[in-house]
Amino acid sequence: QLQLVESGGGLVQPGGSLRLSCAASGFTLDSRAIGWFRQAPGKEREGVSCISSSGGSTNYTASVKGRFTISRDNAKNTVYLQMNSLKPEDTAVYYCAARPSHYCAGYALRFYDYWGQGTQVTVSS
């Protein structure tokens, strides 16, 4: 009933772009900060970006800063991750997650209580 659903993943060439969407059902996102995470095979899940409940504050991990943009449309109960200048190293399953707070305070997984199923992003020539 309460879930997040990611979409927009796919196969792109290096230098290409994708926009991921994270849509909530069963609850609203307007009181929650939302994070994007990714996990490549054999690697630890890492935080990519986070946005405050109002969209007024955003955070990015260093490896994506300048290339990715997080945004949200609370009226649509949706959060987005625009990914530009994609690199093979960006290949991973991307997850969105909701934190029961208005602001982002790091990417510790235990602070996020709702998770999507993930969407595959593959960057390859």
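Summarising the geometry, atom NZ belonging to Lys65 is positioned 8.0 Å from atom OG1 belonging to Thr58; distances are rounded to the nearest 0.5 Å. A distance of 11.5 Å separates OG in Ser49 from CD1 in Ile34, rounded to the nearest 0.5 Å. Asn74 CG to Arg32 CZ: the interatomic distance, rounded to the nearest 0.5 Å, is 12.5 Å.
For Ser54 against Arg72, the heavy-atom pair with the smallest separation is C-CD, 4.3 Å. Considering every non-hydrogen atom in both Val64 and Val48, the closest pair reads CG2-O, 3.7 Å. Counting all heavy atoms, side chain and backbone alike, Arg38 lies closest to Ser63 at NH2-OG, 3.3 Å. When all heavy atoms of Val5 and Gln117 are compared, the closest pair comes out as CA-OE1, 3.6 Å. For the residue pair Pro14 and Ser125, the shortest heavy atom distance occurs at CD-N, 3.7 Å.
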Requested in this report: Assess whether side-chain contact (heavy atoms from CB on, under 4.5 Å) is satisfied between Trp36 and Cys50, documenting all intermediate values.
Outcome: CA-CA 6 Å; Trp36 283 98; Cys50 190; over 6 Å; no
Query raised in the report: Is there a side-chain contact (heavy atoms from CB on, under 4.5 Å) between Arg99 and Tyr114 once you walk through the steps?
Result: CA-CA 7 Å; Arg99 178 187 179 106; Tyr114 290 99; over 6 Å; no
**Report entry** Pair Asn84-Phe68, side-chain contact (heavy atoms from CB on, under 4.5 Å): steps then yes or no
**Finding:** CA-CA 6 Å; Asn84 298 326; Phe68 291 11; over 6 Å; no
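Partners of Ala24 under the side chain to side chain contact (heavy atoms under 4.5 Å, CB included) rule, at least two apart in sequence or in another chain, are Leu4, Phe27, Leu29, Asn77. Residues meeting the side chain to side chain contact (heavy atoms under 4.5 Å, CB included) test with Thr122, sequence neighbours left out: Leu11, Thr91, Gln120, Ser124. Residues meeting the side chain to side chain contact (heavy atoms under 4.5 Å, CB included) test with Thr78, sequence neighbours left out: Ser21, Ala23, Lys76, Tyr80.
Counting only heavy atoms from C-beta outward, the side chains of Thr69 and Leu81 never approach each other to under 4.5 Å. Counting only heavy atoms from C-beta outward, the side chains of Tyr60 and Ile51 never approach each other to under 4.5 Å. In this structure the side chain of Ser25 reaches within 4.5 angstrom of the side chain of Gln3, judged on heavy atoms. Within the 4.5 Å cutoff, no side-chain heavy atoms of Thr119 are placed close to those of Val93. Taking 4.5 Å as the limit, some side-chain heavy atom of Ser17 sits within range of a side-chain heavy atom of Gln82.
In terms of modelled atom types and a separation under 3.5 Å, the side chain of Gln13 and the main chain of Val123 share no donor-acceptor contact. The backbone N or O of Cys96 lies less than 3.5 Å from a partner atom in the side chain of Glu6, making a donor-acceptor pair. With hydrogens and angles ignored, the 3.5 Å screen pairs a side-chain donor or acceptor of Ser52 with a backbone N or O of Ser57.
Residues Val79 and Leu2 share a hydrophobic cluster, clusters being chains of Ile/Leu/Val/Met/Phe/Trp/Tyr side chains in contact below 4.5 Å.
Ring to ring, Tyr107 and Tyr112 are not that close: their centroids are 6.0 angstrom or more apart. Note: Trp115 and Phe37 meet the aromatic proximity criterion, with ring centroids under 6.0 Å apart.
Residue-environment remark: OH (Tyr103) stays at or below the threshold of 12 foreign heavy atoms within 6.0 Å.
Here Asp90 pairs with Arg67 in a salt bridge; the nearest charged N to carboxylate O distance falls below 4.0 Å.
Both tests hold for Arg45 against Tyr95: distance to the six-membered ring centre under 6.0 Å, angle to the ring axis within 45°.
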